[in-house]
Amino acid sequence: MNKGKLLYEGKAKRLYATDDPDLLWLEYKDEATAFDGEKKEPLPGKGALNNAISSHFFALLTAHGVAHHFVKKVDGQSQLVRPVNILPLEVVVRAVAAGSICRRLGLREGWELPRPIVEWYYKDDALKDPLVTEEHIRLLQAAEPEQLQHMRREALRIYDILHPFLQRLGVLLVDFKLEFGINAKGQLIVADEVSPDTCRFWDVGSGQKMDKDRFRQGLGGTLDGYREIWKRLQQTAEGGAECTR
Ligand code: UDP
């Protein structure tokens, strides 16, 4: 399988065509960005870590019957994925208060929510990805009500898979962001990535952050956190770098 023409370049990944129209080549970049790209830094090794971590999580989701775009890891920084049309929404699940919900609602960082909640953000750089309601989403024609229902159910199901899995590794899953897309068969499936760039992971023992907040907040040792997550994931038999679908 060869990497073909560059189709799209985002902040954290590049997407290429391959010889097979049913497969795309997704390459994770060695760069960290935050605050809509305002803060940006080369971070050698980040691409390989996120590729490995995201591949592992997608394989875990496969084992639990979650439909997603990941096919297999092909090299250090790259994986093959199915083509999808991404919906312009970020689906955030929160179990513990951190980040924007603290600023918006005045919550204390670390407060455990009575139950996990789902939030929707409209992907639009000019608008800075605003928090939106389901009615806003209908107004913007960003998704149908049945699609929202499906994404909410899948997002909470993914929380129910990831939370106990990570708990066993001594990692608290604080929150995470998912993106969904429509594949060639018209199915709405999980796409993008599941990594310390898109999830908040705290060490259960020390409360230490092991995710992109280390970069966002200038705490230093960003990649040490990512490495620690990868080290703990490797201790598990579940997951793996590949799935056969
Ligand atoms: N998130 C993301 N991409 C974004 C915004 C958020 O992956 O563009 C993730 C973020 O890593 C966290 C969760 O979504 O795991 C909730 O983020 P929050 O709304 O608190 O954003 P913040 O403003 O703190 O980055």
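For ligands, and for the atoms within them, numbers begin at 1 and follow the listed sequence. Heads up: numbering here begins at 1 and tracks the sequence.
Looking at atom 14 (O) of ligand 1, its nearest protein heavy atom turns out to be Lys177 CB, 3.4 Å. With hydrogens left out, the protein atom closest to atom 10 (C) of ligand 1 is Arg216 NH2, 3.5 Å, a heavy atom. Looking only at heavy atoms of the protein, atom 23 (O) of ligand 1 is closest to Arg103 NH2, 2.7 Å. Atom 13 (C) of ligand 1 has its closest protein heavy atom at Asp175 OD1, 3.5 Å. Of all protein heavy atoms, the one lying nearest to atom 19 (O) of ligand 1 is Ser100 OG, 2.6 Å.
Residue Gly99 approaches ligand 1 through these ligand atoms, each under 4.0 Å from one of its heavy atoms: 20 (O), 24 (O). Near Tyr121, meaning under 4.0 Å from one of its heavy atoms, ligand 1 places the atoms 19 (O). Below 4.0 Å from some heavy atom of Cys199 lie the following atoms of ligand 1, by number and element: 15 (O). Within ligand 1, the atoms closer than 4.0 Å to a non-hydrogen atom of Arg94 are 16 (C), 18 (P), 19 (O), 20 (O), numbered from 1 in the order shown. Listed by number with element, the atoms of ligand 1 under 4.0 angstrom from any heavy atom of Asp197 are 7 (O), 11 (O).
No donor-acceptor pair closer than 3.5 Å links the side chain of His69 to the backbone N or O of Pro83. Listed for the Lys11 side chain is no donor-acceptor partner under 3.5 Å among the backbone atoms of Glu31. A donor-acceptor pair under 3.5 Å links the side-chain atoms of Gln77 to the main chain of Tyr28, judged by distance alone. In terms of modelled atom types and a separation under 3.5 Å, the side chain of Ser55 and the main chain of Lys73 share no donor-acceptor contact.
Both the sub-6.0 Å distance and the 45° axial angle are not jointly satisfied by Lys46 relative to the ring of Tyr226.
At a 4.0 Å heavy-atom cut-off, ligand 1 touches Ala98 through the backbone alone. Contact annotation: for Glu119 versus ligand 1, there are no heavy atoms closer than 4.0 Å. Using a 4.0 Å cut-off between heavy atoms, Val174 makes no contact with ligand 1 at all.
At least one heavy atom of Glu90 lies less than 4.0 angstrom from ligand 1. Distances shorter than 4.0 angstrom do not occur between any heavy atom of Leu131 and any atom of ligand 1. Contact annotation: Phe35 has no heavy atom less than 4.0 Å from any atom of ligand 1.
Ion pairing between a basic and an acidic side chain is recognised when a charged N comes within 4.0 Å of a carboxylate O; Asp175 and Arg200 show such pairing. Under a 4.0 Å N-O distance rule, the pair Glu179/Lys177 qualifies as a salt bridge. With salt bridges taken as basic N to acidic carboxylate O contacts below 4.0 Å, none links Asp197 and Lys29. A salt bridge links Glu228 with Lys231: at least one charged nitrogen is closer than 4.0 Å to a carboxylate oxygen. A salt bridge is defined here as a Lys NZ or Arg NE, NH1 or NH2 lying under 4.0 Å from an Asp or Glu carboxylate O, and Asp160 with Arg157 fails to meet this definition.
Put simply, atom 6 (C) of ligand 1 has no protein non-hydrogen atoms near it, under 4.0 Å away.
Summarising the local packing, CG of Asn85 is surrounded by 12 or fewer heavy atoms from other residues, nucleotides or ligands at distances under 6.0 Å.
Proximity annotation for atom 22 (P) of ligand 1: of Gln217, Arg200, Lys212, Lys11, Arg200 comes nearest, heavy atoms only.
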